[in-house]
Amino acid sequence: MISASVFLNINNVPEKELVAIILYISLFFIIVAVALIIFFYFSRKKIIQKELEKIELILRYQKEQLHAIIVTQEEERKRIAQDLHDDISSKLNIVSLNTHLLSAPNLTESETAEITDNIINLTNKALDNSRKIAHNLLPPVFEKFGLHAGIEELCEEFESSKSVKTHYKNEIDFHDKDIDRHLHVFRILQELMNNSLRHGKATQIWISFFYNEGINTCNYEDNGIGFDGSNAENQKGLGMKNIDSRISFLEGTIEIKSEINNGIAVNFTF
Amino acid sequence: MADFLIYSGYLILLINLILYSISFFRKEKVNGFFVAYLVFAFIMQMSMELLYHLHFNNLFLVNIFIIGQMVLLGFFYNSLIKIKSQKLFVKSILSVGIVIFCVQFFLEPKEFLKFNLFTITLTSLSCVIFGLLHFYNMLTEKKVYYYITIAVIFFMLGSTVLYLIGNLTLTLSLDVKYFSWKLNAFLFLVYQLVILHEWKVSFFKKSFEN
């Protein structure tokens with residue numbers, strides 16, 4: 001009975017209407033399908049594009065780091081060459097001159113004594129300087145006694161020669177087996193301290209190490225003139241790049257905060 | 001059962017309207033066009049219900065509802081889009097659509113007193129396309145109005161077919177006549193629930209924090 005009435009009713013619908021309904025339904029699905037296909041096509045494209053951009057960014061960053069490493073290496077060579085030339089070669093030159101003088105005939109005893117004194121003095125100075133240069137390149141204290149002693153000595157050096165007050169506090173027991181990693185930390189601090197002095201004109205420096213939730217953290221602060229932390233240009237110097245790449249070696253994080261006339265605060269993990 | 005579905009759909013719509021309006025006036029603003037859409041939907045649903053109870057033909061309102069829905073959702077997505085060419089695309093679809101509807105209204109006003117197949121297809125398709133466009137823009141960005149877009153696409157795909165066969169069901173026997181409308185009421189309920197979920201995810205915290 002019901003099916004009969006349905007049958008009847010459907011027959012009451014004009015054929016034109018039925019065709020139109022079928023047509024519109026199929027049209028609707030066809031267009032939706034096309035829209036979906038277009039959507040997937042462009043989505044794929046967009047995602048791949050984004051991935052490529054990401055890879056490019058990483059590559060560019062790596063290139064920049066490599067560049068920074070090469071430039072630093074060259075700078076370092078220049079500095080060593082200059083040190084050698086100024087502090088050692090010049091003195092050895094005079095020593096060699098003096099030894100030539102010694103071989104001259106008709107020298108009085110007092111003259112010989114004076115020249116010998118000169119030679120001894122100069123060689124001593126040259127020796128001192130060569131020790132200093134070697135020390136600068138890799139502090140022996142750091143190598144023998146580890147990071148803690150190395151930083152203590154660094155602070156002492158800064159205090160004695162460069163009229164700056166340092167406050168150093170350490171809560172971490174550094175292991176000798178991590179000395180390669182510690183060298184990076186040491187270099188970062190060296191760079192920061194040099195910057196504080198050279199650019200920041202700081203008179204006080206605070207360094208502290210602490211162990212927090214399984215992560216070694218270092219806090220560094222000074223009272224120098226600081227810089228505009230919001231200006232990205234200030235963070236792209238060679239020294240900063242160097243610090244950045246060392247941090248990435250250590251797989252740590254770094255946060256630099258600074259305001260003009262308010263010193264600098266650096267917090268890094270390693 | 002059918003009444004329960006229909007009235008709970010209305011209830012959720014009302015709740016959505018209230019919640020989104022509250023959020024609209026708070027700090028983290030809900031898109032105004034979407035609130036307008038909810039207001040419009042609520043008014044239309046209520047008037048349709050009223051006309052039904054007064055035993056008038058409310059199909060004219062159905063057509064107005066789907067056209068208004070397309071326009072408001074179009075403006076909603078248009079305001080979310082940031083790319084100029086896409087904005088132009090949405091606007092041109094909207095204006096072409098409105099021109100076509102006007103022309104059709106003047107040529108065949110009778111079409112608006114039943115399920116207007118052409119209008120239904122065009123409006124639903126546009127909404128689906130706007131939704132997909134928004135999905136595309138969201139691919140690599142933060143998700144904004146994500147659930148609403150899912151709801152719109154889901155509801156449009158489902159309900160369009162039900163509307164398209166609407167004229168057919170008018171002639172069916174009483175026993176099966178309302179089956180498709182029960183289904184539609186169910187879809188509408190789900191649609192409103194997902195919109196409610198969106199509010200909970202995106203605006204609940206921001207609106208009632210302080």
Side-chain angles (χ1 to χ4, degrees), chain A residues 1-65 230 232 248 253 255, chain B residues 66 83 85-86 89-90 93 97 108 110-111 114-141 149-150 152-180:
Chain A
M1 184 66 193
I2 291 170
S3 61
S5 76
V6 170
F7 182 69
L8 254 175
N9 277 321
I10 285 199
N11 275 350
N12 286 345
V13 179
E15 237 177 41
K16 223 175 111 192
E17 187 79 18
L18 260 179
V19 170
I21 289 171
I22 293 167
L23 206 72
Y24 274 110
I25 291 180
S26 30
L27 192 73
F28 177 75
F29 278 111
I30 288 166
I31 297 179
V32 166
V34 169
L36 278 175
I37 289 165
I38 292 173
F39 170 72
F40 281 124
Y41 174 75
F42 280 106
S43 303
R44 252 181 72 90
K45 227 172 156 179
K46 194 175 184 180
I47 290 170
I48 290 170
Q49 179 82 21
K50 198 85 182 174
E51 293 280 304
L52 280 179
E53 271 171 25
K54 224 190 262 167
I55 291 168
E56 215 157 87
L57 207 73
I58 293 169
L59 278 180
R60 207 168 57 211
Y61 179 68
Q62 282 175 344
K63 235 186 217 169
E64 261 176 30
Q65 268 193 345
S230 55
S248 72
T253 57
E255 193 184 358
Chain B
I66 54 173
I83 300 164
S85 56
Q86 290 183 357
F89 175 70
V90 172
I93 285 190
E108 291 176 280
K110 255 201 251 162
E111 277 290 314
K114 52 183 198 166
F115 285 101
N116 185 341
L117 300 184
F118 180 74
T119 317
I120 293 165
T121 312
L122 193 63
T123 52
S124 306
L125 272 179
S126 328
C127 291
V128 170
I129 287 170
F130 297 155
L132 286 179
L133 202 61
H134 184 58
F135 265 144
Y136 172 72
N137 289 331
M138 263 194 304
L139 272 180
T140 48
E141 309 283 322
T149 309
I150 289 180
V152 166
I153 291 177
F154 166 79
F155 179 63
M156 290 305 156
L157 287 181
S159 73
T160 305
V161 178
L162 296 178
Y163 280 128
L164 284 176
I165 58 167
N167 289 332
L168 212 61
T169 58
L170 290 181
T171 55
L172 292 181
S173 73
L174 274 177
D175 299 324
V176 288
K177 195 173 175 180
Y178 292 109
F179 172 73
S180 63

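Keep in mind that this is a model prediction, so the values were computed, not measured. By convention in this document, chain letters (A, B, ...) are assigned in the order of the sequence lines, proteins followed by strands, and residues within each chain are numbered from 1.
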(request) Name, in order of residue number, those residues of residues 128-137 of chain B that have a heavy atom at a distance of less than 4.5 Å from a heavy atom in chain A; otherwise write 'none'. (result) B:I129, B:L132, B:F135, B:Y136, B:N137
(message) Under the rule for side-chain hydrogen bond (donor to acceptor under 3.5 Å, both in side chains), what residues qualify as partners of A:Q49, not counting sequence neighbours?
(response) none
(message) Is the shortest side-chain heavy-atom distance between B:L125 and A:L27 below 4.5 Å?
(response) no
(message) List the residues meeting side-chain hydrogen bond (donor to acceptor under 3.5 Å, both in side chains) with A:S248, not counting sequence neighbours, and say none if there are none.
(response) A:Q65
(message) What part of A:L36 gets within 4.5 angstrom of chain B, counting heavy atoms only: side chain, backbone, both, or neither?
(response) both
(message) Pair B:L117, A:L23 - check side chain to side chain contact (heavy atoms under 4.5 Å, CB included), show working.
(response) CA-CA 10 Å; B:L117 300 184; A:L23 206 72; over 6 Å; no
(request) Give a yes or no on this: more than 12 heavy atoms of other residues, nucleotides or ligands lie within 6.0 Å of atom OH of A:Y61. (result) yes
(message) I'd like to check the side-chain contact (heavy atoms from CB on, under 4.5 Å) partners of B:T140; sequence neighbours left out, ordered by chain and number.
(response) A:K46, A:K50
(request) With rounding to the nearest 0.5 Å, note down the distance linking CG in B:L164 to CZ in A:F29. (result) 8.5 Å
